[in-house]
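All values below come from the heavy atoms of this structure, side chains included, with hydrogens, waters and symmetry mates left out.
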Amino acid sequence: MKNLLFGALLLSFMSACNSDSISNQEEASQDPGIPSGMLTSKRSCPSDAMREEALKNDPELRARFNANELQSEKFSQDLRMGKVLADGTVEIPVVFNVIYNTAAQNISDARIAEQIAVLNADYGATNSDVSNTPAAFQSSTAGDVKIRFKLVATNRKQSTKTGWKSNLNEMKKTSTGGINPTDNTKNMNIWVVNSILDQNGQSGTLGYAYYPESAGLWYDGLVIGYQFIGKTGASAPFNLGRTVTHEVGHYLNLPHLWGSSDAGCQTDYSNDTPTSPGPNYGTPSYPLNRVCGGVSRSQMFMNYMDYVDDKAMFMFSANQKTRMQAVVSASGPRAGLR
């Protein structure tokens, strides 16, 4: 098992994921630290579209993005030739930064441990529900991604704030009431907050993460609502820890299945995930066929990078595994000393 130190690159964009309908709304609304309008009906992530817009307007950023994609392709070719990852698993050290208003939002060490266990099961393909993968997709499953997660520290802070704007990242600075990251050139920092607000002050977001281009910058890491950490006491239908699994996927360079905008039918750079016209929600039944470019395709909605409920997502694809391994390889944008 190797320890991963993340190398510092430059600028990227966040992946903000909004919530699906939450079954225990009555319980959540009783918490005075949660704004009354925070619960929404669907999960959605605007950040891939935000990232694509920025890439159009910033040639330097587009060059960095292209370099990352070239590196991923080279890694894929080397992997097929047996040149890399001949042995092994990479271990990512994780720091939780818990910022709470009420006692109920100060999640327990046990829930944090549950979340780490979920990550290790999902990325190691030891989750029991991976056996539900339809036969048509079994040859495309990633199996063990060979990335593990180890909790190295938990920081806690009480705050009077009842919401944190995602575009400001105030939760990541002590000077703005948050907690400074613990050396995010070496650790994956996860900030847990009471409510994540969009730039218009609207609540309901589950979480967001930054892509590999931001490795080592002060804002790099994940932000997750406290309701969606671990399993015990988490809010259904996002109560199996898969919000963090999804956001770590973005952190390791996985877009949504439909590409960089909600217009859909774009590439996610993994050719073993069927082209998708857009997100799927809730708990779909297989097969689910949708049309892109006049062609009807069976959807891989059970993939962690879709928008379905936690209990409906349970696998990565083999090409997604390769993309993530490229990130943590010796030449990857989050790699460093190990």
Kindly assign one of parallel, tilted or perpendicular to the pair F228 and F238, based on the angle between their ring planes and the thresholds 30° and 60°. perpendicular
For the rings on W191 and Y226, is their centre-to-centre separation under 6.0 Å? no
Rounded distance (nearest 0.5 Å) linking atom NZ of K165 with atom CD of Q199: 8.0 Å
Is R323 paired with D268 through a side-chain N to carboxylate O contact shorter than 4.0 Å? no
Non-hydrogen side-chain atoms of V244 and E247 separated by less than 4.5 Å: no
For the atom pair CD1 (I229) and CD1 (I107), what is the distance rounded to the nearest 0.5 Å? 5.0 Å
Within-4.5 Å side-chain heavy-atom neighbours: W164 and I99: yes
Gap between atom OG of S298 and atom CZ of R290 - 0.5 Å precision: 12.0 Å
Got a second to check how far M305's CE is from S276's OG, nearest 0.5 Å? 12.5 Å
Run the ring-centre check on Y123 versus F316 and record whether the distance is less than 6.0 Å. yes
Donor-acceptor side-chain pairing of E114 and T232 below 3.5 angstrom: yes
Applying side-chain contact (heavy atoms from CB on, under 4.5 Å) to F301 and Y286, what does each step give before you reach the verdict? CA-CA 9 Å; F301 62 79; Y286 180 83; 3.9 Å; yes
So if I apply the side-chain contact (heavy atoms from CB on, under 4.5 Å) rule between Y210 and each of D220, N184, L217, which one comes out positive? D220
Sub-4.5 Å side-chain heavy-atom contact between R242 and K311: no
Applying side-chain contact (heavy atoms from CB on, under 4.5 Å), run through L119 and V248 and close with a yes or a no. CA-CA 9 Å; L119 285 174; V248 171; 4.0 Å; yes
T273 and its side-chain contact (heavy atoms from CB on, under 4.5 Å) partner, picked from N319, N303, D306: N303
Here the gap from T275 atom OG1 to W258 atom CH2, rounded to the nearest 0.5 Å, amounts to 13.5 Å
C265 versus P277, closest heavy-atom pair with distance: SG-CA, 3.6 Å
Only one of V152, L151, N189 passes side-chain contact (heavy atoms from CB on, under 4.5 Å) with P93, and that residue is V152
Are N132 and F314 packed together at the side-chain level, in the sense that at least one heavy-atom pair is separated by less than 4.5 angstrom? yes
Centre of W218's six-membered ring, under 6.0 Å away, within 45 degrees of the axis: is that where NZ or CZ of K173 sits? yes
Flag the pair S159 / E170 as yes when at least one side-chain heavy-atom distance between them is below 4.5 Å, and no otherwise. no
Fit a plane to each ring of H250 and Y211, take the angle between them on a 0 to 90° scale, and name the class: parallel (under 30°), tilted (30 to 60°) or perpendicular (over 60°). tilted
Gap separating the CD atom of E91 from the CD1 atom of I147, nearest 0.5 angstrom: 12.0 Å
